[in-house]
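Following: one structure in structure tokens, then a few remarks.
One-based numbering, in listed order, for ligands and for the atoms of each. We use all heavy atoms of the structure for the numbers below, so side chains are in, but hydrogens, waters and symmetry mates are not.
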Amino acid sequence: MYNIINYMHTHFLTEAFIMIRDVQDEIIRLKKENDICILAHSYQGHEIVEVADYVGDSYKLSVDASKVTNRNILFCGVHFMAETAKMLSPDKRVYLANPLAGCPMAEQMDAAMISAIKEREPDRKVVAYINTTAELKTVCDVCVTSASAVKIVSAMEDKKLLFIPDCNLGAFVQKACPNKDIMLLNGGCPVHAAVTEEEAREAKALHPKALLLVHPECRPAVSELADYVGSTSGIIKYAKGSDGKEFIIGTEISIIEHLQYECPDKRFYALSKKIVCQNMKLTTLSEVYNSVRSIAADDGEAFEIKMSDELISKARVCIDEMLRLGG
Ligand code: 13P
Ligand code: SF4
């Protein structure tokens, strides 16, 4: 009995891997033949990362998007990221692999709400996390990502700021920039903010030799227990470069998968089973395949990001400012 189950397990798994490889090969062929560049956020699964031309955190992908020379960009991530790529490469056709993949934090505040606060606080510059809609970006002064927030806020001459929407990232920036007066609102990432201080203490107790690495979207009480707080790429870089052998990862679960591939001699544990971004997980390899096939056929099925020239020019101002100050 054991042998039959064992045989079937190995056999089916091998077939599944061959199928994945076949789909990946077809995606690679289609993207090369049809001048498509694939950008994937690091929260995508490894099978998608393997077919991408550029992989990284929000900041790196923004810089990459501004340099792409291909006619078509296929974004594997969430809506605001594809929108940012469109703003940075307005003459390209930019597609999002799954049209339903949005970031709930990006929808928490809108331009009318922030404009009303600006009227009451006219001397504050508005710093917007890149996880915001293009419409909201039109009333903001500068964008930041988790990797660039401290550098950009430090480089700003203004002292009085309004940081939106993530109050946890905002608190992290305030701590790193004590000379600034940063007003925060009650927004944030429902995935990272769900992790409690108690869970962080339990994870540390369970893995006493492990270093705790967390994303600044986590609550300050969680970040305070961490050995390192940083963006997705910051966490990856830290874990790869560290002499440590065990790490508790306090960001989206895909990062554990990528790190385990890159560092087979190290061990990675999830800080909490809750840190799964369902929106990032909406993109599957079959959606990537269907998108490249539709882009190749130009049959109108792939989800293309459409924005007016006026919206692009107004929303892009704070992204250009981010690239200027963060570069
Ligand atoms: P990064 O800025 O680290 O890419 O994070 C983006 C994000 O959506 C985190 O939840
Ligand atoms: Fe948005 Fe949080 Fe998902 Fe990042 S992890 S895309 S901030 S919901």
Item to complete: Give the atoms of ligand 1, by number and element, whose distance to some non-hydrogen atom of D57 is under 4.0 Å.
Response: 1 (P), 3 (O), 4 (O)

Worksheet entry | Nearest neighbour in protein (non-hydrogen) for atom 2 (O) of ligand 1 | S146 OG, 2.8 Å

Worksheet item: How close does the nearest protein non-hydrogen atom get to atom 6 (C) of ligand 1, and which residue and atom is it?
Response: S58 OG, 3.4 Å

Discussion item. Quiz question: by atom type and distance under 3.5 Å, do the side chains of T145 and S148 form a donor-acceptor pair?
Written reply: yes

Worksheet item: Between T145 and ligand 1, does any nitrogen or oxygen pair lie at a separation below 3.5 Å?
Response: no

Discussion item. Among all the protein's non-hydrogen atoms, which is closest to atom 3 (O) of ligand 1, and how far away is it?
Written reply: T232 OG1, 2.4 Å

Discussion item. With side-chain contact (heavy atoms from CB on, under 4.5 Å) as the test, pick out the partner of V191 among I275, V276, I253, T251.
Written reply: I275

Worksheet item: To which protein heavy atom is atom 9 (C) of ligand 1 closest, and what is the distance rounded to 0.1 Å?
Response: E217 OE2, 3.1 Å

Practice prompt. Indicate yes or no: does R29 engage E26 in a salt bridge with an N to O separation below 4.0 Å.
Written response: yes

Worksheet item: Y43 heavy atoms, cut-off 4.0 Å: which ligand 1 atoms fall inside?
Response: 7 (C), 9 (C), 10 (O)

Practice prompt. Say whether E252 and ligand 2 are in contact under the criterion: heavy-atom distance to a ligand atom below 4.0 Å.
Written response: no

Worksheet item: Do E246 and Y269 have side-chain atoms, one donor and one acceptor, less than 3.5 Å apart?
Response: yes

Response to the item:
side chain to side chain donor-acceptor pair (under 3.5 Å) pairs touching residues 272-283, sequence neighbours excluded, are E199-S272, E199-K274, E252-K281, S254-K281

Worksheet item: atom 8 (O) of ligand 1: which protein heavy atom is closest, and how many Å away?
Response: N131 ND2, 3.3 Å

Worksheet item: Tell me, which protein N/O/S atoms are under 2.8 Å away from atom 1 (Fe) of ligand 2?
Response: C103 SG

Fill in: Geometric class of the Y261/H46 ring pair [parallel <30°, tilted 30-60°, perpendicular >60°]
parallel

Worksheet item: What is the closest protein heavy atom to atom 5 (O) of ligand 1, and at what distance does it sit?
Response: H215 NE2, 3.4 Å

